[in-house]
Amino acid sequence: MAMLHELKGPFSSFVDVENGTIAREIFSDEAIYQMELERIFARAWNFMCHESQIPKTGDFFQTYIGEESVIATRDKTGALQVLLNSCRHRGNAVCRAESGNTRSFLCTYHGWTYDLEGKLIGVPGFKDFYKECLDKAKWGLVKAAKVASYKGFVFATMDPEAPELEDFLGEVGRMSLDLVAGQGKLVAVEGIQKNIIGTNWKLAVDNLFDWYHGEMSHASAMMAGVMADPNGGPLSKEAREAILAPNNHRIILGDYGHAIGGPRLTPEFWETFEAGQIKQQGVARGQRDESWRKRPEVLADLGEIGRDVRGHPNIFPNMWIANNGQICMRMPKGHDKTELWWFTFVPEEYTEEERKARIAGANHAFGPAGLLEQDDGENWDQSTRGTRGVVARRYPLNFQMNVGQGRVTRPENGPSYIDGPMNETAQMWTWRAWAEWMDAEDWAALQNNHTRAPQDGEFV
Ligand code: FES
Ligand SMILES: [Fe+2]
C-alpha cells in the first residue's frame, strides 16, 4: 500500500482539479482500495440506521463500516451502541440476523456471550477450563469510538479523533438530512433492498450527481413508464425536461466532500405550484408534494437556498439521499464490487394510499427491481472494467463539464452554491475531497488540510 503511494506521489496527483481529469486506477487498484478502507471508512462517520429501526431496548440492526460488519443496537439505558460484529475469541460473527430484538449476543462457535453494551458476560468453562484466569472486562466487543444521531439518523465512527457528528456533517451534511427529515416524522419501511453490482463504489457515488446520463441511459426505462404521468402513460418530453431541469441546476459544496447536485425548484415552479396549476410531478413516484418545504420549522433549517434543492445530496463518502424518500448506502465489497442498500422512509402522516405509492415508486426506481438501477449498474460495471487495462489506465477520465466556470454565491450564513446549467462540479468536488482524505495521515491532518466550502465570487 505504502509503496504505491510513495511510487506515485500524493493521492492529489490522481485528481487534476484544474483540468477536470481523474486517473483511472483509483477505481480499480486493490492497494488504493485497501487504503480507502483505512483512511476513509474507518475514519469517517458512517450512517448506521434510523432510530425508528431500533426504538426499543434490545433492538438491533446489522450494517457495515467499510467491509466490517457492525451491530447498531439500543442498550438497557436506551443509549445507542455500535459494536463490531466479531467475537473476541476467534473472531466469529456474534450476530447473524439482519435485524431483530435480543437480550444479548451469543457467539455460535464456543458460546461467549456479550450484553447490549458489548460487555463479555458469559464464557463457557470460565471456572473449569479458564480457572477464572480471563479478564472478562478486557474482552468485550470492540465498540465504535463515537455514536450519535442527527434528526433520527444514527451514525458511528471508529476513530476517536473524529470531530463531533454535527461538525463532520457541517452545513451541507445537515441540510442533506434536513431535506428528508423535513418531510415529516419519518419511519423506515421494514426491509432493506440489497443489490450487488460489479462496480467500484466511487463510480456508484459519482453517478448520483450525474444528471447527464438520464436521457441516454434511461431512455428505455422512460419509454416503459418509469417516470409515469400521473394520468397514465409515459411522461412527455416537456414534462421530463421540467423534472430534469437541465438549465436550472443548483450545486451546493461543503466540507469533507459533502455536496448536493442536480435540479432546483425555480421561482416559476413555485408560482405555478402556489397557483395550484401543477401537481408535484413526482406524485406517481410517491413524492407527496413540495409544500413541506415551506413549513416554518423546515424553512428555519433549510433556508431558502436549501428549500429549492431538488437534486441529490451525498454525505461523504457513500450516503446518498434520493429525493423520493429513499436513502442509499454504497457499501464497498472489494475494489470492483459494491452492494447497494436501499432504505425507504415514509412520513407518519402519509395516508395509506400515499404510503403505498411511495413504496411502489421506490421499488420500481432503485434496488434489485428498479429499472433505473438496472440501467445504471450495466454502465458502472463496464466503466469499472474500463479502468483496469494497462493501456486504458494511461488515459484519464473526463470530468470537464463546466470545470472552473461555476461562480459561487455564498450568503452570509452559507451555504456556498452554484446555480447554472447541468455540470460535473459536485463530482469533482467529491473526488478532490477523496484525495484529501487519502493523503491525510489522521483526522488532525484532514481537518487542517481540507478544502473549505468556497467563498462568494470564487469559481469552481
Ligand atoms: S469464536 Fe466466539 S466463542 Fe469462540
Ligand atoms: Fe441513473
Side-chain angles (χ1 to χ4, degrees), residues 68-69 71 83-96 102 104-115 118-126 128-130 134-136 138-142 193 195 197-227 235 240 243-246 249 261-263 282 285 310-314 320-324 326-328 330 338 340 342 361-384 422 424 426-427:
E68 292 175 86
S69 169
I71 312 160
L83 312 167
L84 195 65
N85 185 15
S86 175
C87 181
R88 294 293 302 281
H89 182 229
R90 290 289 191 284
N92 183 33
V94 298
C95 176
R96 304 287 181 97
T102 188
S104 58
F105 298 102
L106 166 72
C107 179
T108 53
Y109 200 168
H110 312 90
W112 284 22
T113 307
Y114 303 87
D115 73 6
K119 285 195 198 112
L120 179 59
I121 52 168
V123 175
F126 183 65
D128 297 339
F129 309 143
Y130 284 96
L134 171 72
D135 187 353
K136 284 197 249 174
K138 285 196 178 144
W139 293 94
L141 294 175
V142 174
Q193 299 209 51
N195 187 23
I197 294 180
T199 179
N200 181 270
W201 68 275
K202 293 191 295 302
L203 284 169
V205 170
D206 188 80
N207 175 266
L208 69 92
F209 291 126
D210 187 317
W211 293 80
Y212 187 35
H213 74 287
E215 291 283 338
M216 176 58 75
S217 293
H218 302 307
S220 58
M222 288 193 200
M223 278 190 260
V226 71
M227 290 165 82
L235 283 188
R240 287 209 309 271
I243 294 175
L244 300 172
H249 277 216
R285 296 171 63 195
R310 208 166 52 76
H312 292 158
N314 186 56
W320 170 21
I321 292 137
N323 55 18
N324 63 345
Q326 286 185 283
I327 285 184
C328 185
R330 273 63 168 122
T338 303
L340 279 76
W342 285 100
N363 288 344
H364 290 300
F366 302 114
L371 285 176
L372 298 180
E373 194 150 296
Q374 297 306 315
D375 296 337
D376 290 331
E378 274 297 309
N379 291 330
W380 307 340
D381 181 311
Q382 291 297 321
S383 290
T384 299
M422 187 187 291
E424 292 175 339
Q427 284 102 312

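Side-chain atoms are counted along with the backbone in the values below, which use heavy atoms only and exclude waters and symmetry mates. Indexing begins at 1, ligand by ligand and atom by atom, following the structure's order.
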Between T384 and T199, a side-chain donor and acceptor under 3.5 Å: yes
N, O or S of C107 under 2.8 Å from atom 2 (Fe) of ligand 1: yes
Atom OH of Y130 with >12 non-hydrogen neighbours under 6.0 angstrom: yes
The Fe ion (ligand 2) to nearest N/O/S of D375 below 2.8 Å: no
List ligand 1 atoms under 4.0 Å from [X], heavy atoms only on the residue side.
{"X": "R90", "value": "1 (S)"}
{"X": "W112", "value": "3 (S)"}
{"X": "G111", "value": "3 (S)"}
{"X": "Y109", "value": "1 (S), 4 (Fe)"}

At the Fe ion (ligand 2): angle between H218 atom NE2 and H213 atom NE2, to 10 degrees: 90°
Angle subtended at atom 4 (Fe) of ligand 1 by ND1 of H89 and ND1 of H110, nearest 10°: 90°
Aromatic ring pairing W139/W112, orientation class (parallel under 30°, perpendicular over 60°, tilted between): perpendicular
Validation row, ring centre W380 to ring centre W201 under 6.0 Å: no
Metal site atom 4 (Fe) of ligand 1: N/O/S of C87 inside 2.8 Å: no
Pair H312-I321, side chain to side chain contact (heavy atoms under 4.5 Å, CB included): steps then yes or no: CA-CA 6 Å; H312 292 158; I321 292 137; over 6 Å; no
Stepwise side chain to side chain contact (heavy atoms under 4.5 Å, CB included) test for V123 and L134: CA-CA 9 Å; V123 175; L134 171 72; 3.9 Å; yes
Test side chain to side chain contact (heavy atoms under 4.5 Å, CB included) applied to N92 and V94, step by step: CA-CA 6 Å; N92 183 33; V94 298; over 6 Å; no
